[in-house]
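Written out below as structure tokens is the structure these notes cover.
Just so it is clear, the values below take in all heavy atoms, side chains as well, and ignore hydrogens, waters and symmetry mates. Convention: sequence-line order gives letters A, B, ...; per-chain numbering from 1. As the structure is a prediction and not an experimental result, all values here were calculated from the model.
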There are 2 protein chains.
Amino acid sequence: MPGPPWWYGRFQDAGYRLTLPRQAILGTLSRTSKHLSAEEIYLSVHRAYPAVGLTTVYRTLELLVRLGIISKFDFGDGRSRYELTTSRQRKHHHHLICSRCGRVIDYTDFIDEETEVLGKIERVLSQKYNFRINNHRLHFYGLCDKCK
Amino acid sequence: MPGPPWWYGRFQDAGYRLTLPRQAILGTLSRTSKHLSAEEIYLSVHRAYPAVGLTTVYRTLELLVRLGIISKFDFGDGRSRYELTTSRQRKHHHHLICSRCGRVIDYTDFIDEETEVLGKIERVLSQKYNFRINNHRLHFYGLCDKCK
DNA sequence: AATGATAATGAAAACCATTTCCAATAAGAA
DNA sequence: TTCTTATTGGAAATGGTTTTCATTATCATT
Ligand SMILES: [Mn+2]
Ligand SMILES: [Mn+2]
Ligand SMILES: [Zn+2]
Ligand SMILES: [Zn+2]
């Protein structure tokens, strides 16, 4: 699937420049399936572009979250973690988190009831509490095979 | 429903002392339905017992989380927030969060149906990923009536 | 009640992820 | 080019949380 990544348009539309640091950060995020922290992204980008600073990484991450290109998570280890938002490439998924070692597993094998019930709840809550619901997060916590 | 609160036993069993600062903190948490931050708890406790320090509040909250008496949440406003865990008094619930103003609503609608489906998912995931799942969290994000 | 062992506490200092400041640079428009 | 504004990086500041350490409270044992 060649051609410019889907986020080029977002930058233009919003009036932001797709600079080299920003491309490098997006590159790192699109090349991994892990949930990277700001520092991990910085270290990765820094290898190829030593001039890019940690401050720019933080600023860019904030911008990307604001543009809806990436999502920010807190898995309880004291730092924020990021991943590309749901798109053609990346399917909507939920998380399985090990409380001991911090391992995070993405799962997309939803059983039908899961999707169905979440949709229903979303509709009911929207009406009852007069909310405009944009998204949801479902996390399961426990011990992974190595930790239990 | 008089008699000692249900957490007295937990302290004894685990070998911890139910001291005055700890009782004051538990008192504050059981008297509110809000999701308080450490500082808010400190201020509340401080009014009745000025000798209690912020450090003790943090330490006690960590202990209470470890004992499973309270739960720690991150709603994205830069500080952790706490509430009593599910019990006789407090029903299991999920959260509705306003992305703009930070308002958090506890909801229990469809909780039976939810619980049933989540239990089923838990069983499937436990087996597939060989996890021992202890609990889960479901958050819906959007804009509240005042913010949308 | 006095003693001793250990748990709990509070104030100050340290920690550390993130944000803010600010001067320098890059990018695009004219 | 020249002007205007967006973007950047390093240093310093911020702020919630944790650590340190000397003191105090609690409880079991004399
Ligand atoms: Mn994920
Ligand atoms: Mn709640
Ligand atoms: Zn693990
Ligand atoms: Zn709101």
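Between B:S80 and D:dT17 there is a side-chain N or O to OP1 or OP2 distance below 4.0 Å. In this structure, A:Y58 does not reach the C:dT19 phosphate: none of its side-chain N or O atoms is under 4.0 Å from OP1 or OP2.
One interatomic measurement links the two molecules: CG of B:D77 to P of D:dT14, which rounds to 20 Å at whole-angstrom precision. As rounded to whole Å, 14 Å separates atom P of D:dT26 from atom CZ of B:F11. As a whole-Å value, the separation of B:Y49 OH from D:dA25 P is 16 Å. To the nearest angstrom, C1' of C:dA8 lies 13 Å from CG of B:L18. In this structure, CD of B:E40 is placed 13 Å from C1' of D:dG16, rounded to the nearest angstrom. If you take CZ of B:R59 and P of D:dT20, they are 12 Å apart, rounded to a whole angstrom. In this entry the distance linking OH of B:Y16 with P of D:dC27 reads 16 Å, nearest Å. To the nearest angstrom, C1' of D:dA28 lies 15 Å from CD of B:Q12.
Atom CG of B:D13 is surrounded by more than 12 heavy atoms from other residues, nucleotides or ligands within 6.0 Å. Residue A:K148 qualifies as enclosed at atom NZ: its count of foreign heavy atoms under 6.0 Å is above 12.
B:G15 comes within 4.0 angstrom of no nucleic acid atom, judged by non-hydrogen atoms across all strands. Nucleic acid contact class of A:S37 (heavy atoms, under 4.0 Å, all strands): none. Contact annotation for B:R17: base contact, defined as any heavy-atom pair under 4.0 Å involving a base atom.
Evaluation of atom-type donor-acceptor distances gives no pair under 3.5 Å for the side chain of B:T55 against the base of C:dG10.
Of the possible donor and acceptor atoms, one in the side chain of A:T85 sits under 3.5 Å from a partner among the backbone N and O of A:G68.
Residues from residues 19-34 of chain B placing a heavy atom under 4.0 Å of any atom in DNA chain C, listed by number, are B:T19, B:P21, B:R22.
Both A:I69 and A:V65 belong to a common hydrophobic cluster when Ile, Leu, Val, Met, Phe, Trp and Tyr are linked at side-chain heavy-atom distances under 4.5 angstrom.
By the 6.0 Å and 45° rule, B:R137 stacks over the aromatic ring of B:F73.
With ring centers used as reference points, A:H139 lies 6.0 Å or more from B:H139.
Annotation: ring-ring contact (aromatic ring centres under 6.0 Å, His included) contacts of A:H93 (sequence neighbours excluded): A:H95.
Where B:L54 and A:P50 each meet DNA chain D at their nearest nucleotide, the meeting point lying more 5' is that of A:P50.
With D:dG9, C:dG10, C:dA17 as the candidates, the nucleotide lying closest to the side chain of B:T56 is C:dG10.
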